[in-house]
2 protein chains.
Amino acid sequence: MTSRKVVTFENIKVACKNCSLATLCLPMGLTPDDVERLDGIIKRGRPYHRGDHLYRGGDKFHSLRVITSGSVKTYSPNEDGGEQVLGFHLPGELIGLDAIQDDNHTCSAIALETTAVCEIPFSQLESLSCIMPSLQHQMYRLLSREIGQETEMLTLLGKKSAEERLATFLLSFSERFKQRGFSASDFFLSMSRHEIGNYLGLAVETVSRLFTRFQDENLLHVERKHVQLLDIPRLYDIVQGTDSAKSSQSRI
Amino acid sequence: MTSRKVVTFENIKVACKNCSLATLCLPMGLTPDDVERLDGIIKRGRPYHRGDHLYRGGDKFHSLRVITSGSVKTYSPNEDGGEQVLGFHLPGELIGLDAIQDDNHTCSAIALETTAVCEIPFSQLESLSCIMPSLQHQMYRLLSREIGQETEMLTLLGKKSAEERLATFLLSFSERFKQRGFSASDFFLSMSRHEIGNYLGLAVETVSRLFTRFQDENLLHVERKHVQLLDIPRLYDIVQGTDSAKSSQSRI
DNA sequence: AGACTTTCTTGATGCGGATCAAGTCATTTT
DNA sequence: AAAATGACTTGATCCGCATCAAGAAAGTCT
């Protein structure tokens with residue numbers, strides 16, 4: 001009859017081939033055999049709690065990490081005590097790519113809530129990618145994608161108004177939650193207003209005011225960390241800067 | 001006697017092993033044999049003139065490019081007609097990394113002056129890096145470095161004042177010219193004030209005023225595109241935001 | 001539960017840098 | 001050489017967002 005092997009919950013979860021995130025993650029596009037081989041080098045540790053560091057700037061780099069549940073903030077401490085928030089990362093996202101450069105982490109990563117990660121020892125990943133061209137290709141694509149995403153942030157910070165920035169931010173989460181099978185219009189943000197502001201190059205107060213304003217304009221409903229997007233198309237209009245949305249408001 | 005083979009100027013120039021940029025470029029850290037193999041896939045075309053596009057956003061991606069002389073601006077056209085300048089690239093710098101992602105260029109690259117480049121067909125580079133671990137490693141490092149540099153720009157655009165931005169910009173060129181064997185304190189900028197402003201998230205007028213102010217404060221001498229840095233340490237102070245420089249000015 | 005702390009919101013004010021408007025200088029055209 | 005064009009500078013004004021200040025709400029500690 002069926003195999004005697006006991007398949008515990010852990011056994012199921014702890015393998016790329018059974019992971020619901022596989023289509024977003026490193027194994028994306030690999031053959032089952034290749035996924036198996038990749039799986040062989042991945043380490044899964046105990047979860048982190050809110051406020052725990054996954055790594056800090058200056059730490060020796062040995063592993064890339066993929067978030068499997070929870071969320072993570074990456075930031076780079078700058079000379080004068082402050083910090084620049086570099087990103088908020090959701091399950092399936094790979095972090096630590098900036099550290100390959102010189103074998104040291106240049107920024108820090110901290111759990112925003114209870115968070116589980118897969119660790120991928122980089123030297124092993126590198127060896128593996130030498131004998132698995134599809135993995136190598138995937139790595140190049142992921143690194144390139146990271147560059148493309150940062151490029152978009154450059155435009156955001158260089159050219160967009162506060163309103164456009166927050167709308168972009170919200171829609172980014174909307175899209176990413178949707179990709180992961182969650183609601184695109186109803187979600188919880190795990191970071192503080194302060195962290196949102198820091199990330200977007202805005203003061204906390206501005207972020208708070210914008211949430212209020214967006215709510216007044218029936219673009220969304222917000223209560224602390226709980227956000228419900230009520231008019232996603234108009235949020236996209238705002239992102240574009242083509243403020244037809246605004247005029248339709250003000251012509252009351 | 002010496003070989004009968006005639007070594008023309010072109011023959012000398014057109015090979016990584018004879019290229020003075022090799023230590024800044026892809027071959028960095030490779031063995032002579034490996035450099036030779038890499039050299040085998042590199043294509044060198046006729047130079048571009050000021051205003052020529054190396055590629056445009058949307059173009060099919062096939063090659064990475066290294067500037068060998070001259071300079072290049074990369075930018076991403078944004079929806080509403082404007083553009084975001086993403087970078088200015090000097091000899092030895094590799095561009096096009098953002099296009100690996102989905103085989104299409106997401107941004108455009110245009111020559112700021114007469115410019116020569118090496119083209120590296122990416123599919124060949126990929127194959128080669130499968131059999132040359134050191135090349136693969138180098139590629140990972142370069143991609144990671146690109147991410148790190150964009151990260152720094154995020155901090156610049158998110159947190160720094162106009163003054164800090166321009167000082168950072170100038171010192172970046174100073175360092176890069178120095179690396180390339182040119183003066184760190186006396187150089188020509190190949191881009192317009194408008195392009196500098198766009199890159200730094202500032203209006204042209206602000207850039208112009210800052211040049212004037214820096215000159216008044218004896219930080220530099222500027223005449224159109226010709227810049228002479230007169231007080232590099234104080235420019236570094238400005239970058240830090242630790243404005244001891246400023247106080248020493250104002251306490252006259 | 002009550003005190004304390006932190007986060008968020010809201011209002012008032014101020015400033016840095018954008019925008020608008022001319023004018024100057026350099027380069028190209030004819 | 002004069003005229004046209006584009007790049008840069010300089011001044012005046014304005015506005016978006018930061019900063020300052022205070023209160024409200026939520027979370028934490030004892």
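What you see below is based on every heavy atom in this structure, not just the backbone, and it leaves out hydrogens, waters and symmetry mates. Below, chains carry the letters A, B, ... as their sequence lines are ordered, and counting in each starts from 1. In this text, all values refer to a predicted model and were calculated from it rather than measured experimentally.
- Rounded to a whole Å, the NZ atom of B/Lys159 is 10 Å from the P atom of D/dA18.
- Looking at B/Arg176 and B/Ser172, their side chains do bring a donor and an acceptor atom within 3.5 Å of each other.
- In B/Phe182, the CZ atom is not crowded: 12 or fewer heavy atoms of neighbouring residues, nucleotides or ligands sit closer than 6.0 Å.
- The nearest heavy atom of DNA chain D to B/Val222 and to A/Ala203 marks one nucleotide each, and the one closer to the 5' end goes with B/Val222.
- One finds a side-chain N or O of A/Thr206 lying less than 4.0 angstrom from the OP1 or OP2 phosphate oxygen of D/dA18.
- Atoms NE2 (A/His226) and P (D/dG27) sit 14 Å apart, rounded to a whole Å.
- Following rounding to the nearest Å, B/His194 (NE2) and C/dA26 (P) show an atom-to-atom distance of 22 Å.
- Atom CZ in B/Phe188 sits about 16 Å away from atom C1' in D/dA7, given to the nearest Å.
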With salt bridge (charged side-chain N to carboxylate O under 4.0 Å, His left out) as the test, would you mind laying out the steps for B/Glu205 and B/Arg193 before giving the verdict? CA-CA 8 Å; B/Glu205 295 93 329; B/Arg193 299 284 191 270; over 6 Å; no
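- Side-chain N/O atoms of B/Thr212 include one lying less than 4.0 angstrom from OP1 or OP2 on D/dT10.
- Nearest-nucleotide mapping onto DNA chain C: of A/Arg209 and A/Lys225, the residue sitting toward the 5' end is A/Lys225.
- Summarising the local packing, NZ of A/Lys178 is surrounded by 12 or fewer heavy atoms from other residues, nucleotides or ligands at distances under 6.0 Å.
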Please output the side-chain donor-acceptor pairs of residues 57-65 of chain B that fall under 3.5 Å, not counting sequence neighbours, one pair per line with the distance.
{"from": "B/Asp59", "atom 1": "OD2", "to": "B/Arg56", "atom 2": "N", "distance (Å)": "2.8"}
{"from": "B/Ser63", "atom 1": "OG", "to": "B/Glu119", "atom 2": "OE1", "distance (Å)": "3.4"}
{"from": "B/Arg65", "atom 1": "NH2", "to": "B/Leu54", "atom 2": "O", "distance (Å)": "3.4"}

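- Between A/Tyr199 and A/Phe88, the ring centre distance stays below 6.0 Å.
- The separation between A/Gln215 atom CD and C/dC8 atom P is 15 Å, rounded to whole Å.
- Backbone-only contact: A/Ala162 has heavy atoms under 4.0 Å from sugar-phosphate atoms and none from a base.
- Residue A/Arg224 has no polar side-chain atom (N or O) positioned under 4.0 Å from OP1 or OP2 of C/dC8.
- Not a single donor-acceptor pair, N or O on each side, falls under 3.5 Å between the base of D/dC17 and the side chain of A/Glu205.
- Among the atoms of the strands shown, none is found under 4.0 Å from any heavy atom of B/Gly197.
- Annotation: cation-pi geometry not satisfied between B/Arg234 and B/Tyr236 (NZ/CZ under 6.0 angstrom from ring centroid, within 45° of ring axis).
- Among the nucleotides D/dT10, D/dA18, C/dC8, the one closest to any side-chain atom of A/Arg193 is C/dC8.
- For the pair A/Phe211 CZ and C/dC8 P, the interatomic distance rounds to 10 Å; values are reported in whole Å.
- Among the atoms of the strands shown, only primed sugar atoms or phosphate atoms (P, OP1, OP2) are found under 4.0 Å from some heavy atom of A/Ser192.
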Salt bridge (charged side-chain N to carboxylate O under 4.0 Å, His left out) evaluation trace for A/Arg145 with A/Glu150: CA-CA 9 Å; A/Arg145 192 172 68 176; A/Glu150 297 209 348; over 6 Å; no
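- Across the helix from C/dA1-D/dT30 to C/dT30-D/dA1, the helix axis at one end is tilted relative to the axis at the other end by 40° (nearest 10 degrees, each axis from five pairs).
- Here the P atom of nucleotide D/dG27 and the CD atom of A/Glu223 are 10 Å apart, to the nearest Å.
- Across the protein-nucleic acid pair, A/Ile196 atom CD1 and D/dC17 atom P stand 16 Å apart, rounded to whole Å.
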